[in-house]
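What follows is a short report on a single structure.
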Amino acid sequence: MSTQDLVLIALFCAVIVALGLLPPVSIAVIPVPVTLQTLGVMLAGAVLGPVRGAGACALVVLLTVLGLPVLSGGRGGLGVIPGPTGGYLLGWIPGAFVTGWLVKRFAVRAGGRLTSLAAHFAACLVGGLLVVYAVGVPWTSMTTGLGMGKAALGAAYFAIGDTLKAAVAAAVAHHVRRSYPIEPR
Amino acid sequence: MSLYVPGTSPLHRVPAGWKLAVLLLCGVAVFLTRSVTLLGPAAGLALVLLLTVRAPREQLARQLRGPLWILAAVVAVAALTESGHAALVVGLRLVILLLTALSVTLTTRTSELQGVLEVMLRPLDRAGLVNAPAVALAVSLALRFIPEVFQQFQEIREAQAARGLRGSPLALVVPLVIRVLRSAEDIAAAIDARCYPPARSRHPDRDDRLSGKAPG
Amino acid sequence: MRIALDAVSVRFGPRTVLDAVSVELTERRIGVIGANGSGKSTFARLLNGLVLPSAGTVLVGADDTARDARRIRRRVGFVFQNPDNQIVLPLVEEDLAFGLRNTGVPRKEIPGRVREQLADLGIAALAGRPSHALSGGEKQLVALAAVLVMRPETVVFDEPTTLLDLRNRNRLRAVIAALPQQAVVLTHDLGLLDGFDRVLVLDEGRIAYDGPPRTAVPWYVAHHS
Amino acid sequence: MRIALDAVSVRFGPRTVLDAVSVELTERRIGVIGANGSGKSTFARLLNGLVLPSAGTVLVGADDTARDARRIRRRVGFVFQNPDNQIVLPLVEEDLAFGLRNTGVPRKEIPGRVREQLADLGIAALAGRPSHALSGGEKQLVALAAVLVMRPETVVFDEPTTLLDLRNRNRLRAVIAALPQQAVVLTHDLGLLDGFDRVLVLDEGRIAYDGPPRTAVPWYVAHHS
Ligand SMILES: Nc1ncnc2c1ncn2[C@@H]1O[C@H](COP(=O)(O)OP(=O)(O)OP(=O)(O)O)[C@@H](O)[C@H]1O
Ligand SMILES: Nc1ncnc2c1ncn2[C@@H]1O[C@H](COP(=O)(O)OP(=O)(O)OP(=O)(O)O)[C@@H](O)[C@H]1O
Ligand SMILES: O=C(O)CCCC[C@@H]1SC[C@@H]2NC(=O)N[C@@H]21
Ligand SMILES: [Mg+2]
Ligand SMILES: [Mg+2]
């Protein structure tokens, strides 16, 4: 891993954190973490590629565990992991990886504007949504003792927002690739 | 920017490694029982522990507000679909985990935790699975650039607001990401110029060409 | 426009960066000078609500920056010390057009105004260039153009000449002199202030001198070195 | 140290930014001046392999920047135009210590050398401050300190005075004059070049003039405005 890879990992970690510092787009009154940070997670994968993207997310997890207030609403600390959303947070790592892998495999060489956008969108959706939930939901079920079906309610709650975020992430990644291409890795 | 609250409470004085070990045990233990007569007093103990830390009230509120809402939702679902007992067990378990973990977080410096991290990474480093100094550098770099990136974010938003745009995520994030990619080249060069990685690293000097962007 | 600071302090944690500053800015050409770290950029950021006072109030016209930041930002253009954060679209001409589109300037007029503004600053040739691949000075001029093309009522310049060569510095001086609007210029480039109406000298977060450049600049030079 | 450019061209896509430049740099104090966009920063980045030639070769001592970039970067210190990208750790003193730790300076000596370097530049008071909360000029001085504390054989300065006030500009002039090493300084601040051994004037990617500051600076001023 070159120095530049390391720097990109740290900087995208910073982007993910910064997205959490923005005033949250609160969908409901309940302060459940509907967070722009998942946009950053998808971007990390889609722009940097699988390895560095996953690295950036792993770094966010590490900072969280080290007790830094890096999650939305200035939360952090060890307690997040065994909490009900801990699985989603951990799911960011494979989520970014899968997003990046799919982008690298299908989206980079996609021909037209629409194909490229669609490919990026699909990658963000599969990685940033499906994979993240695939870790998050069983985790919620485990830590709360609720059945999988009930734990999936949470995922349903996040899904609309996350689909929108995947669309934004796809558009951003597409534009960035046009005006400042770097090779996904 | 850490959550650490300076202080001299008993918990402040326990070495970080011990606190983490106990926390881990606690995490396993709460799942081994469904007895309310055990979990109840344990939750009370966890609360007392948190109070000995003497953290500022706003700090506690910020860390607890979100999780407590989720907790309430989970307990409500459990009570409605299962039983009162099940709901109580779930609620107590989560409360114990939340409060003890928070107590550790509030009383342990980031640097101490980094120390523990280093110790834990050492065997992995030796086995060639992780590059521990690189992880340490990544953590420091992130800490350095979180405020910087946030400031850039605000300035970009600012510049756009001044030019009549509000809340277009695309126009906000594209320039930010491009800036980040560009500055990564310079930052990496600055780090290399200061002789990173250190000479005795396991990773021999590879001449990894810095930028895919450089001509030639 | 009348900008009024009333007993404004700015603190970052334990550090007091501006200390009970009261001043009323009504002149057309106002310079602000002072040593590194004296509080100039912080002062500038107060004027459009990017920094809010820890104590005291900042009024821009009749608006309070703590409450009406959004409206104020449209009236007070801001040229940042670092041009990188200010250029938002991939091509220079797109970037200039961006603000105009947002404020509802008729589509047909936009290319003309963009061209005119670029020509004004002598950078017509940069129109089609990617904005992230400009040299330092080129960026600074583009960032400036992007603010001026919006024709704000007041323009705040935070060190606008740092990356410019001789010719562009002179051009900028002429551009500022010809601006119909009020201009507040923070700079270490003291020559830029010739012909200004008023110069404030900041020192450790207070206004240490306030007068015409004829007396303020020598005062600063004498007290500073 | 001897730095030799042999028929070096740099192209970015269709644009030729440096055009078959051949020059040998052996003097101790070398200035490079030229209009905005003339190719100064690109020239500087060639010297430590941050930009690689599209054609031709750059030799630093006996090393080719296209092959030995990493080794060269340890010998050629580089002070960037934008200090933000150069301060890499959260606290000022940590940032200066970083390079020293990497080169295996004994742990015990590091704090002393850091303090000494900060004091040399008159910024001892910044030691414990967080890097992101510095003013522009403070950042520029810290970035400079972080490079100088490494004691490289050659130091390349890309516009080192842009954000500095009068006092710090004079201090920097004195620091450069006193440097034991070779220094290559790219700047629009022509006064900085007094007493230099040699000044190159770049114009649209070529060396348009090459001589002592006594003749080169007037030549540039005459041809440029
Ligand atoms: N966000 C912040 N947090 C803490 N301190 C800050 C912050 N921003 C600025 N400062 C400090 O406040 C002081 C004034 O900063 P400011 O940027 O206003 O200075 P300035 O006069 O513009 O300096 P320069 O000429 O170097 O640009 C500096 O000492 C700086 O370190
Ligand atoms: N990565 C790049 N891609 C395309 N063009 C570039 C790139 N970097 C620089 N340029 C162009 O090359 C030319 C020379 O740039 P350079 O930064 O070397 O100029 P400079 O002399 O340092 O200017 P300044 O005084 O404004 O800093 C400029 O016209 C710039 O737009
Ligand atoms: O902030 C946390 O507590 C950890 C992350 C939990 C957020 C998850 S990620 C997927 C889903 N989408 C959101 O917007 N939030 C949740
Ligand atoms: Mg400033
Ligand atoms: Mg330059």
Side-chain angles (χ1 to χ4, degrees), chain B residues 1-2 109-111 114 131-134 136-156 176 178-201 203-216, chain D residues 9-13 17-18 42 45-46 48-56 65-91 94-105 130-133 143 146-147 149-150 152 155-156:
Chain B
M1 72 172 296
S2 143
R109 284 197 179 79
T110 305
S111 56
Q114 255 177 301
N131 181 350
L137 179 60
V139 169
S140 300
L141 280 174
L143 295 180
R144 157 74 181 96
F145 285 102
I146 286 168
E148 200 77 45
V149 167
F150 188 58
Q151 205 167 320
Q152 284 168 17
F153 222 106
Q154 283 183 313
E155 285 191 8
I156 291 171
L176 183 78
I178 291 179
R179 262 222 74 175
V180 160
L181 294 179
R182 272 185 66 69
S183 54
E185 282 182 45
D186 283 359
I187 296 166
I191 292 174
D192 283 342
R194 298 212 257 144
C195 304
Y196 178 85
R200 263 169 301 124
S201 154
H203 299 265
D205 281 10
R206 267 172 303 154
D207 184 19
D208 15 19
R209 176 71 19 85
L210 267 187
S211 60
K213 302 289 302 168
Chain D
S9 294
V10 174
R11 282 182 284 276
F12 292 116
V17 173
L18 284 180
T42 308
R45 282 158 180 261
L46 277 171
N48 77 339
L50 188 50
V51 164
L52 298 176
S54 315
T65 56
R67 278 201 315 268
D68 315 300
R70 195 172 276 259
R71 190 162 53 213
I72 287 171
R73 281 186 202 132
R74 297 184 179 194
R75 303 174 60 189
V76 181
F78 196 106
V79 183
F80 288 87
Q81 190 161 346
N82 184 352
D84 281 336
N85 296 336
Q86 193 152 323
I87 306 178
V88 297
L89 293 190
L91 292 182
E94 284 175 358
D95 190 68
L96 265 77
F98 174 69
L100 297 177
R101 267 194 281 119
N102 290 338
T103 41
V105 172
S131 328
H132 70 90
V147 170
V149 78
M150 302 283 296
V155 191
V156 181

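Here is how names work: the chains are called A, B, and so on, in the same order as the sequence lines, proteins then strands, and each is numbered from 1.
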Does any part of the side chain of D:Leu89, heavy atoms only, come nearer than 4.5 Å to the side chain of D:Leu96, both counted from C-beta? no
Winner by heavy-atom pair count (cut-off under 4.5 Å) against chain D, out of B:Leu141, B:Asp186, B:Ile187, B:Leu137: B:Asp186
Give a yes or no answer on whether the side chain of D:Ser131 reaches the backbone of D:Pro90 with a donor-acceptor pair at less than 3.5 Å. yes
Does the D:Arg73 side chain pair with the main chain of B:Asp192, one donor and one acceptor, at a distance under 3.5 Å? no
Hits for ring pair (Phe, Tyr, Trp, His ring centres under 6.0 Å) against D:Phe80, two or more places apart or cross-chain, chain-then-number order -> D:Phe78
For B:Ala136, enumerate each residue passing the side chain to side chain contact (heavy atoms under 4.5 Å, CB included) test, keeping only those at least two apart in sequence or located in another chain. none
Under a 4.5 Å heavy-atom cutoff, which of D:Val147, D:Leu91, D:Ile87 has the most pairs with chain B? D:Ile87
Select one option (side chain, backbone, both, neither) describing which atoms of [X] are under 4.5 Å from chain B's heavy atoms.
{"X": "D:Arg45", "result": "side chain"}
{"X": "D:Ile72", "result": "neither"}
{"X": "D:Ala146", "result": "both"}
{"X": "D:Asp95", "result": "both"}

Quick one: pull up CZ in B:Arg194 and CG in D:Leu100 and give me the separation to the nearest 0.5 Å. 9.0 Å
For B:Arg179, is it the side chain, the backbone, both, or neither that has a heavy atom closer than 4.5 Å to a heavy atom of chain D? side chain
